[in-house]
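Here the structure is laid out as structure tokens; the discussion comes afterwards.
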Amino acid sequence: MDKRELPIGFMDSGVGGISVLKSTIELLPHEDFLYYGDSLHAPYGTKGVDEIKQLTFNVVDYLLSKGIKVLVVACNTATSAAINDLRNKYPNMPIVGIEPAIKPAVMANQGGRIIVMATPMTIKQDKFRHLLSQYNEQAEIVPLGCDHLMEFVEEGILSGEKLKAYFDEHLKPYITDNTETIVLGCTHYPFLYPYLKKYLHNDHIHIIDGSYGTAMELKRRLEAEDLLNENQQGNIIIENSLESQDIIDLSWKLLCKPTYEKC
């Protein structure tokens, strides 16, 4: 088989990476995709680094066994904890990770506060601190560890009183009159965008994530490696470690659900 015809492998700690997959399908509609969510072991963001690495490698090894041409680590926590080790172990495999969209937030900043919502583990990692150090003199950037927020998406809770109570307790104290941008630093969080926008009651606060930037980087890597496929109708396979039809149904629902103002 022509290597260009192999699928693109996606991994995430659960269903969150579907947000990145969604952006990528829009950009690369002729590619095949194999998505694997590790919801059985979610959340990654509250685990230790060694455990996150082991879980990540387990999923990646499975994807490699199925035959993929490039790997997308569509999980901020797994990227922070394991991306360097993955690249060292698989030097011949193009690997694309994801990081909180701090750079675009700073580039567009007009002087207001930038809040970065992410898992506690992402915020603790050297990779995040290094990213923050590049821009924290250019804008006021406030990291906000959102413990257990991703579980709302894993359970299909995308609005309602429980989510409001979570935002009241964890996010509202950080919102000021000067808040300009909220960066969604976990791939699960874009699915909460419609409710978060409604919750904020403020059209002046921008909400951004790294999905499109990751999709663009993936396209660049495919072009550089001569792996881009433009001659077929793309196919999508979604698998999950829970081996439950409910989680597969949720994954497909999220893939077709509007996150921002479009589907």
Side-chain angles (χ1 to χ4, degrees), residues 12 16-28 45 72-81 83-84 87 94-146 149-150 167 171 174-194 196-224 258-262:
D12 181 58
I18 297 287
S19 64
V20 186
L21 178 63
K22 186 183 184 74
S23 293
T24 306
I25 291 169
E26 293 174 356
L27 189 64
L28 302 170
V72 180
V73 183
C75 173
N76 293 83
T77 299
T79 297
S80 297
I83 195 78
N84 290 334
R87 286 172 173 155
I95 299 175
V96 176
I98 190 166
E99 63 184 20
I102 293 175
K103 180 179 179 179
V106 171
M107 295 300 100
N109 185 259
Q110 299 296 312
R113 166 182 280 196
I114 299 170
I115 297 174
V116 183
M117 299 173 65
T119 67
M121 180 54 67
T122 293
I123 288 173
K124 290 176 184 177
Q125 289 302 296
D126 290 340
K127 192 175 190 301
F128 179 85
R129 290 198 291 266
H130 176 71
L131 178 64
L132 198 64
S133 70
Q134 297 178 59
Y135 301 105
N136 59 12
E137 292 185 0
Q138 301 177 45
E140 180 189 5
I141 305 172
V142 179
L144 175 56
C146 297
L149 180 57
M150 63 85 72
F167 286 151
L171 176 61
Y174 291 85
I175 301 294
T176 66
D177 292 339
N178 193 41
T179 300
E180 180 177 332
T181 305
I182 294 177
V183 175
L184 304 179
C186 170
T187 56
H188 284 74
Y189 300 169
F191 294 112
L192 302 174
Y193 173 94
L196 177 58
K197 191 71 175 175
K198 180 180 178 181
Y199 174 85
L200 291 171
H201 299 294
N202 189 332
D203 291 334
H204 299 295
I205 298 179
H206 307 294
I207 305 173
I208 64 173
D209 71 88
S211 298
Y212 180 74
T214 301
M216 286 297 296
E217 175 61 20
L218 173 60
K219 183 179 180 181
R220 285 192 290 267
R221 292 296 300 276
L222 290 170
E223 289 173 336
T259 47
Y260 294 81
E261 278 73 39
K262 61 181 181 178

N109 side chain reached by E180 side chain, heavy atoms, under 4.5 Å: yes

Heavy-atom donor-acceptor pair, T181 side chain to H206 backbone, under 3.5 Å: no

Residue pairs passing the ring-ring contact (aromatic ring centres under 6.0 Å, His included) test where at least one lies in residues 99-146, sequence neighbours excluded: none

Sidechain-backbone polar pair: T214 side chain, I98 backbone, donor-acceptor under 3.5 Å: no

Heavy atoms from other residues, nucleotides or ligands near CD of E223 exceed 12 (cutoff 6.0 Å): yes

Those residues that, when tested against R129, pass salt bridge (Lys or Arg N to Asp or Glu O under 4.0 Å) (two or more places apart): D126

Backbone N/O of C186 and side chain of D209: donor-acceptor pair under 3.5 Å: no

I123 versus A118, closest heavy-atom pair with distance: CG1-CB, 4.0 Å

Evaluation steps, side chain to side chain contact (heavy atoms under 4.5 Å, CB included), between V106 and I141: CA-CA 9 Å; V106 171; I141 305 172; 3.9 Å; yes

Close side-chain approach of I18 to F191, heavy-atom, < 4.5 Å: yes

V20 side chain reached by L218 side chain, heavy atoms, under 4.5 Å: no

With sequence neighbours excluded, residues passing salt bridge (Lys or Arg N to Asp or Glu O under 4.0 Å) with K127: E99

Exam field: side chain K197 to backbone I205, donor-acceptor pair closer than 3.5 Å: yes

Any residue meeting salt bridge (Lys or Arg N to Asp or Glu O under 4.0 Å) with R220, in chain and number order, not counting sequence neighbours: E217

More than 12 heavy atoms from other groups under 6.0 Å of CG on N178: yes

Y212: partners by ring pair (Phe, Tyr, Trp, His ring centres under 6.0 Å), with sequence neighbours left out: none

Pairwise salt bridge (Lys or Arg N to Asp or Glu O under 4.0 Å) hits with a residue in residues 105-120, at least two apart: R113-E140

Check: I175 and N202 side chains under 4.5 Å, non-hydrogen atoms: no

Minimum heavy-atom distance A101-I208, with the two atoms named: O-CD1, 3.5 Å

Shortest non-hydrogen contact from R221 toward I95: NH1-O, 3.5 Å

Candidate pair D12 and L21, rule side chain to side chain contact (heavy atoms under 4.5 Å, CB included), full reasoning: CA-CA 10 Å; D12 181 58; L21 178 63; over 6 Å; no

M150 CE to C75 SG distance, which is reported to the nearest 0.5 Å: 7.5 Å

Closest non-hydrogen atom pair between L171 and M117, with its separation: CD1-SD, 4.2 Å

Side-chain touch L184/L196, heavy atoms, less than 4.5 angstrom: yes

Distance-only donor-acceptor check, side chains T179 and T176, under 3.5 Å: yes

Donor-acceptor pair, side chain of S19 and main chain of G16, under 3.5 angstrom: yes

Side-chain touch I182/L144, heavy atoms, less than 4.5 angstrom: no

Any donor-acceptor pair under 3.5 Å from T79 side chain to V73 backbone: yes

Residue pair L27 / M216: nearest heavy atoms and the distance that separates them: CD2-SD, 3.6 Å

Side chain to side chain contact (heavy atoms under 4.5 Å, CB included), paired with Y189, selected from T119, V183, N76: T119

Which atom of A74 lies closest to which atom of T187, heavy atoms considered: O-OG1, 3.0 Å

